Amino acid sequence: MVEKKLLPSILNADFWKLGSLVEATLRGGADGLHMDVMDGHFVPNLTFGPMVVGSVARKVDTFIDSHLMIENPTAYIPDFVKNGSNAISVHWETERHLHRTVSLVKELGSKAGVVINPATPVECLTEILPFADYVLVMSVNPGFGGQKFIPTALGKIEKLKNLLVELGLEKRVAIEVDGGIKLHNVEDVLKAGADWVVVGSAIFSSDNPKEVEDNTKRFKEIIERYR
Ligand code: DX5
Ligand code: ZN
């Protein structure tokens with residue numbers, strides 16, 4: 001069985017208080033952290049790169065999942081690994097030589113993920129699934145936190161689950177879901193087949209560590225029921 005994980009996305013955190021808010025999510029039971037890396041080209045927004053990932057990864061002992069929303073992700077993979085990323089996902093839409101990229105991530109010792117945008121069909125993944133450690137199904141268009149969940153993502157998660165079963169990979173390849181996940185829809189995502197759940201604004205809606213810890217606990221309690 002693939003392990004269930006709650007991965008808070010720091011994208012919407014108050015960066016002035018990043019350290020104490022990250023620690024609050026870990027006290028609340030987060031299973032790792034999701035790092036949204038954006039370059040202003042692949043997506044219309046800019047965030048942070050390997051340096052910020054490294055600053056966090058050196059201070060906390062947890063699973064670091066870097067989601068690269070950048071052009072030419074392959075060029076930056078060694079830097080993300082050096083800075084402590086345990087898992088790195090690249091968009092299907094960005095990389096022409098996806099098999100080479102996925103192989104590089106694994107050779108360098110991280111878990112390799114492939115991400116699909118809302119308009120990209122699950123069928124595109126058939127050939128890369130045997131080489132991937134996880135698939136990230138976007139349930140919003142990448143670029144910003146706080147967007148509304150696109151409901152057709154649920155059907156895509158189910159389809160992906162069936163495809164993994166068909167290929168005999170369902171016990172090895174994790175399904176991650178990212179975007180618009182709130183307390184009212186997290187169970188739908190889990191029921192559809194999600195293993196790793198990314199939550200941004202619903203956890204970091206406050207800059208008060210106690211509230212961030214409590215928000216994390218609420219999601220964690222629900223995810224625990226699906227283990
Ligand atoms: C969107 C990012 C997501 C997102 C999560 O491009 O990949 O990680 O910001 O934040 P919420 O939960 O607010 O959608
Ligand atoms: Zn993300």
Side-chain angles (χ1 to χ4, degrees), residues 5-15 18 21-22 25 28 30-50 52-53 56 62-71 73 76 80 85-94 105 110-120 132-154 156-157 174-190 194-207 211-212 215-216 218-220 222-223:
K5 287 187 197 292
L6 170 61
L7 302 171
S9 157
I10 67 164
L11 179 63
N12 275 73
D14 178 347
F15 275 41
L18 188 58
L21 296 177
V22 160
T25 65
D31 300 292
L33 295 165
H34 181 85
M35 303 288 191
D36 284 308
V37 179
M38 305 185 189
D39 68 350
H41 293 276
F42 177 63
V43 288
N45 196 7
L46 288 161
T47 55
F48 51 80
V52 171
V53 172
V56 175
T62 194
F63 181 76
I64 304 284
D65 169 36
S66 296
H67 173 192
L68 306 190
M69 288 160 274
I70 60 177
E71 299 287 358
Y76 300 92
F80 280 98
S85 297
N86 304 103
I88 298 179
S89 62
V90 298
H91 273 258
W92 183 90
E93 302 83 8
T94 53
V105 173
S110 289
K111 289 197 180 306
V114 176
V115 195
I116 51 171
N117 275 340
T120 304
D133 296 306
Y134 63 105
V135 172
L136 168 47
V137 176
M138 289 306 299
S139 39
V140 296
N141 287 294
F144 301 94
Q147 301 181 83
K148 207 169 165 311
F149 185 86
I150 299 172
T152 48
L154 294 175
K156 285 178 76 178
I157 301 166
I175 300 178
E176 180 174 30
V177 184
D178 180 12
I181 301 181
K182 310 280 176 202
L183 285 170
H184 70 81
N185 61 12
V186 63
E187 290 207 65
D188 298 339
V189 170
L190 289 160
D195 302 301
W196 301 357
V197 176
V198 177
V199 182
S201 49
I203 283 181
F204 290 103
S205 51
S206 164
D207 65 355
E211 282 175 30
V212 167
N215 290 342
T216 309
R218 285 186 199 107
F219 280 97
K220 180 71 179 205
I222 298 173
I223 291 171

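This one's a predicted model, so the numbers in the text were calculated from it and none came from an experiment. We count ligands from 1, going down the list as the structure has it; atoms in each ligand are counted the same way.
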Hey, is the main chain of His41 close enough, under 3.5 Å, to the side chain of Asp39 for a donor-acceptor pair?
yes
Working to the nearest 0.5 Å, report the span between CG of Leu7 and CG of Asp65.
5.5 Å
Among all protein heavy atoms in this structure, tell me which lies nearest to atom 6 (O) of ligand 1, with the distance rounded to 0.1 Å.
Gly143 N, 2.8 Å
Hey, which N, O or S atom on Asp36 ends up closest to the Zn ion (ligand 2)?
OD1
Distance in Å, Asn215 CG paired with Ile203 CD1, rounded so as to fall on 0.5 Å steps:
7.0 Å
Please classify the Ser9 to ligand 1 contact at 4.0 Å (heavy-atom distances, strictly less than): side chain, backbone, both or neither.
side chain
Atom 3 (C) of ligand 1 sits nearest the protein heavy atom Asp178 OD1, 2.8 Å
Heavy atoms, side chains only, cut-off 4.5 Å: are Ser9 and His67 in contact?
no
Minimum-distance protein heavy atom relative to atom 14 (O) of ligand 1:
Gly180 N, 2.8 Å
Ligand-side contact atoms (ligand 1) for residue partner Gly146, heavy atom cut-off under 4.0 Å
11 (P), 13 (O), 14 (O)
Is there side-chain contact between Ile181 and Val198, with at least one heavy-atom pair below 4.5 Å?
no
Around atom 9 (O) of ligand 1, find the nearest protein heavy atom and jot down its residue, atom name and distance.
Leu11 CD2, 2.9 Å
Which atoms from ligand 1 have a heavy atom of His67 less than 4.0 Å away?
7 (O)
Test item: side-chain donor near acceptor, Asp195 and Tyr134, under 3.5 Å
no
Going by the closest heavy atom to atom 7 (O) of ligand 1, which one wins out of Asn45, Asn141, Asp36, Val115?
Asp36
Say whether Asp36 and His34, considering side chains only, have a donor N or O and an acceptor N or O under 3.5 Å apart.
yes
In the structure I gave you, are the side-chain heavy atoms of Tyr76 and Val37 within less than 4.5 Å of one another anywhere?
no
In the structure I gave you, are the side-chain heavy atoms of Pro8 and Phe204 within less than 4.5 Å of one another anywhere?
yes
Nearest-contact summary for atom 1 (C) of ligand 1 - protein heavy atom, Å
Phe144 O, 3.6 Å
Do Ser201 and Lys182 get their side chains close enough for a donor-acceptor pair, meaning under 3.5 Å?
yes
Of all protein heavy atoms, the one nearest atom 13 (O) of ligand 1 is Ser201 OG, 2.5 Å
Which of the ligand 1 atoms, numbered from 1, are nearer than 4.0 Å to a heavy atom of His34
8 (O)
For the Zn ion (ligand 2), what is the closest N, O or S atom on Asp178?
OD2
Please tell me if the side chains of Asp31 and Phe63 come closer than 4.5 Å, counting only heavy atoms from C-beta onward.
no
By number and element, which atoms of ligand 1 are closer than 4.0 Å to a non-hydrogen atom of Met38?
6 (O)
Nearest to the Zn ion (ligand 2), which N, O or S atom of His67 do we find?
ND1
So the atoms of ligand 1 within less than 4.0 Å of a heavy atom of Gly145 turn out to be 9 (O), 10 (O), 13 (O)
At less than 4.0 angstrom from any non-hydrogen atom of Pro142, what atoms of ligand 1 do you find?
6 (O)
Kindly say whether Met138 contributes a backbone atom to a donor-acceptor pair with the side chain of Asp178 at under 3.5 angstrom?
no
Can Met69 be said to touch ligand 1, with heavy atoms closer than 4.0 Å?
yes
Contact check, side chains of Val197 and Phe219, non-hydrogen atoms, under 4.5 Å:
no
Numbered atoms of ligand 1 (with element) below 4.0 Å of Met138, judged on heavy atoms
7 (O)
Top protein contact for atom 10 (O) of ligand 1, by heavy-atom distance
Gly200 CA, 3.5 Å
Taking only non-hydrogen atoms of Gly179 and a 4.0 Å limit, the atoms of ligand 1 in range are 14 (O)
